[in-house]
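The structure appears right after this line, and notes come after that.
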Amino acid sequence: MLDSTSTILELLRSGDATAREVTEQTLRAIGAIQPTINAYTHVAYEAALNAADAVDQDRKAGRPLPPLAGLPVAIKDVLCTSDMPTTCSSNMLRNFTPPYDATVVAKLKRAGAIVVGKTNMDEFAMGASTETSAMGLTRNPWDEQRTPGGSSGGAAAAVAAGTVPLSIGTDTGGSIRQPAAFCGITGLKPTYGRCSRLGLVAFASSLDQAGPMGWSVDDVAIGLQAMAGYDPADSTSVDHEVPDYQAAIAGRDMKGVRIGVLRDSIDQDGVAPAIRTAVAEAEKVFTDLGAEIVEVSLQHSPYWVPTYYVIAPCEASSNLSRFDGAHYGYRHAAASTEDSIAPMLAKTQPLEAMYRASRANGFGSEVKRRIMVGTYALSEGYYDAYYNQALKVRRLISRDYETAFEDVDVLLGPVTPSPAFGLGENIDDPIAMYLCDLFTVGANLAGVPAISLPAGLDDDGLPVAIQLQAPVMQEARLLAAGAGFQSATTYHRMRPNDFVAS
Ligand code: GLN
């Protein structure tokens, strides 16, 4: 099923397809791609069909239906679901089914969406390739020897391989936008606070945000409409009116819109020629639509990655302390003599030995690396040098954005330095993996909304993308600009060859 969200909704509304038919088709598509792509950690065969039947019965009885009635969606496995496991792709939570739905999941369900499954990710959303998953890696539907990106790699691949028209990812430092870019789809990271974080298993609480992923701006606008809004149960969600995003798209006018091009990013060494070309062509597209191009520099952008890689691990080390085998997570009952940490455990009290063994065996190595870095940076004597310093730089980074948005309406630049890299290429080199986030973490540090849009193919036939960013709570403006770009281009209609036939 490679159709867009609105096409499927139209089929359902007109009665040309029943929710059961659409769901069955989705489940068949998942079954066909799972053995190779491994986009899902859990498929809700029975629950999805039951939900579909309920929609069909309501439709038959003429009862009023919510806007997304019968639409299949996939949810990243970091968002709590009361009727399915929520593993964060970690052995730590392999058997965990939460007692409640994340607010964004509950809202999608209330809007009539059918949750067909949970998607694979880097363990606890730490990574840029979905290779740190304890549930096996996910492959890129455009080239199975390459990664789909991460950490929402399963969510991106689930759309690109034609299983669902809409998936929900999360983005702490680029995890919606980078996989969207690698998989040739559209991905939106909303403003921090636009969507509730209740039930989003926290990685870095001041940066995490859930958002929609689909083929086009129209798909993600439909997704955002259902997800966005204030949640009294999440004090970081913002009580700000949710506009009609599709109306904003329909009423768009690019004439006189000022687009700030992030020239410094594009000119950096190591940015692939195809990415440079994509941004240059996008400038032309926007100019032809009547927009005005302005050169913009975000002065502190060289500090984005170092600042992010202090703040995110610090928050992670605190958030992940709850997974100790007692409060939450996998419990390693007794250390066996085969455990590599057995000699150390022999010297500790039984309770502490249980904590240590549970954490040592439950977490993968990237998660442990982040916990250690964060614990170190927060420790007495280093707190001011690292964490406090990073918070000050974060303030400067936010100010750069505020200043830039005094002159321009949206920012244009790349999402990633390169198209999808090969499986195994960066997994043993954490710094190389962190540098994938070069252009994405700024939006998280400043809290602004940002979108990744398909913008062509490189010489190897791999998708390349552009990124637009807008001021806080200006998703409507961002979506309108993205829709403007997609009205003049066809890149969002490209599909991976292997999946067109199926
Ligand atoms: N790649 C980044 C990291 O590893 C971003 C992850 C994310 O956005 N969840 O931290």
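Order of listing sets the numbers, starting from 1, for every ligand and every atom in it.
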**Request:** Give the C-alpha distance, both sets of side-chain angles, the deciding distance and a yes or no for side-chain hydrogen bond (donor to acceptor under 3.5 Å, both in side chains) between D384 and Q389.
**Result:** CA-CA 6 Å; D384 279 329; Q389 192 64 15; over 6 Å; no
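A cation-pi arrangement is found for R495 relative to W215, the charged atom lying closer than 6.0 Å to the ring centre and inside a 45° cone about the ring normal.
The only member of T138, D77, N120 that meets side chain to side chain donor-acceptor pair (under 3.5 Å) when paired with S89 is N120.
In this structure, Y328 places its OH atom where only 12 or fewer heavy-atom neighbours from other residues, nucleotides or ligands lie under 6.0 Å away. Heavy-atom neighbours of D429 CG from other residues, nucleotides or ligands within 6.0 Å: above the threshold of 12.
When heavy-atom distances to ligand 1 are checked against 4.0 Å, the residues falling inside are A125, M126, G127, A128, S151, D171, T172, G173, G174, S175, F203, Y308, Y309, R370, D437, ordered by chain and number.
Of all non-hydrogen atoms in D101 and S82, the two that sit nearest each other are OD1-N, 2.8 Å.
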